[in-house]
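Contents: one structure, followed by commentary.
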Amino acid sequence: MTRKTRVRFAPSPTGPLHMGGVRTALYNYLFAKQRGGDFIIRIEDTDSQRFVPGAEKYIIEALNWCGIVPDEGVDQNGQIVETASERHPHAPYRQSQRKGLYRQYADQLVEGGFAYYAFDTAEELGAKRAEMEAAGQTFIYNQTTRMGLRNSLSLPESEWKELLETRTDWTIRFKMPENRVVKMDDLIRGHVEVNTDTLDDKVLWKRADELPTYHLANIVDDHLMEITEVIRGEEWLPSLPLHYLLYEAFGWTETQPRFAHLSLLLKPDGKGKLSKRDGDRLGFPVFPLQWINAEGEVSRGYREDGYFPEAFVNLLAMLGWNPGDDRELFSLEELVQAFSLERVVKSGARFNADKAKWYNKEYLRTKSVEDLTDLYIPVLEAKGITITDEAQTPDFAGKTFSKDYVKRIVKLIQERATFVADFWDIASYLFIAPTSFVEKDAAKFWKEENYTLALQVADFILGFEGEFTKESLEGPLEEYIRSNEWPMGKVMNCLRLALVGASSGLGIADIVTLIGKEEFAKRIDFIKATL
Ligand code: GLU
């Protein structure tokens, strides 16, 4: 029987989602959509000690920003899904709200002899650990130690039954079989074998909070939610033998999902896992959205840094997957078509901040002037500039400009920018006159032999009677300088100094036709009075 593809992203709300986590969600999403399957978001919040308020909301918001929208999950376009419906047959999708259903599965394992009750307190376990470490050994709760510990295998039945009634801090542990080789298959890593003697008796359920641990809840929910493939980070590979054994113990091997463990995102130098600290140190975000923790510390986000979600998704997809040819630009829809787990690399994927920026620049180039203008206007407003919808000549004194003026600028500088915020750095002088001049540029170009000529060129521009557009001004302007045999570069740089405050910037004809003759004249007067 072929089953409908159903995959899930199962984050624990223990903090903001790292970009590696977003990549895991993305690969799950692509895999599901390519096969016409379902993508589910399940919140694994059974570890109350590690719960961070706001983390779940952050995760959902980050995935929505990326366009990674679930078919089933805790939140559907801002609607909270609490109860089961045709659309969300397995709701709730938050494990804390599914609390009641796990105990019976833990009991089933105990009854079948696959698990047992353990009564050791944290202190007792700590003492045992210290004792073994003092003897040069490492403590692991498994077949070699369990009979010397306090559990339903080592204690007389009457005793543990009483403890079960009277104590409220016991746990149910998995009874790891002795000396068995677990044979596993991973869609990315191939065949893997592990001997159970290297594994411990993991806690599956805790009486204290009546909650399952990750392992039990994860397996039970994957089974109940009819998950066909588990695609997750390689940090879960060590748990895979236990998960295989749990499927076996429950008698669910027929429908056991296939597994794919994704390699880590590595630091730019390839040495170790990409961490928040690398981001802070080298100046790039490692989180999709900005995150402010309880101490008020701010971690940068791709969204707030000005990345387009399409660029972020594209660059993430390429970190660990390739299409097999040299294509680099993919929309989400194109990724759905092209993605395959077979082309996901086994080795870690090295993060490259320059490449991330390159992606954004590529996406910025393809955006419409209209869209970029809409994105740029808030940046301008934050600088105290007013943008009007009506036509209006640029008003530098009143800091008021028309939207059309902004559009003309965006069109001119779009190709030069990586982020929308760069527009300001590239051409803020099109909104505010320079109040000072880059010293080194002034020293180099504002020399009498140059500026006397430049001032004559300025008069030519001010007296120009043709249409005051770049197209009609540029030719005659250059012709004027050339026919006088004046040094073109030096003269232009002198004018640029007056207009920009520096010797780099847009072409003179572009600038003057944008700002207008009046403002041009003012800037010439200002530089004359200042330098
Ligand atoms: N809750 C686990 C996590 O936080 C999920 C691991 C899995 O996908 O099985 O990563």
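Everything numeric in this text was worked out from a predicted model, so none of it was measured. Both counts, for ligands and for their atoms, begin at 1 and track the order of listing.
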Note to self: With a 6.0 Å cut-off on the ring centroids, do F114 and F250 count as close?
What the structure shows: no

Next item on the list: Check D197 against N179 and note the closest heavy-atom contact, atom names and distance.
Entry: OD1-N, 2.6 Å

Check: Angle class for the F119/Y117 ring planes (parallel below 30°, perpendicular above 60°, tilted otherwise)?
Finding: tilted

Next item on the list: Can you tell me which residues line ligand 1 if we count any heavy atom under 4.0 angstrom from one of its atoms, in chain and number order?
Entry: R8, A10, S12, E44, Y214, N218, R232, W236

Check: Does any non-hydrogen side-chain atom of F139 lie less than 4.5 Å from one of T145?
Finding: yes

Check: More than 12 non-hydrogen atoms from neighbouring residues, nucleotides or ligands closer than 6.0 Å to CD on E162, yes or no?
Finding: no

Checklist line | Residues which pass side chain to side chain donor-acceptor pair (under 3.5 Å) with E234, listed by chain and number, not counting sequence neighbours | finding: R189

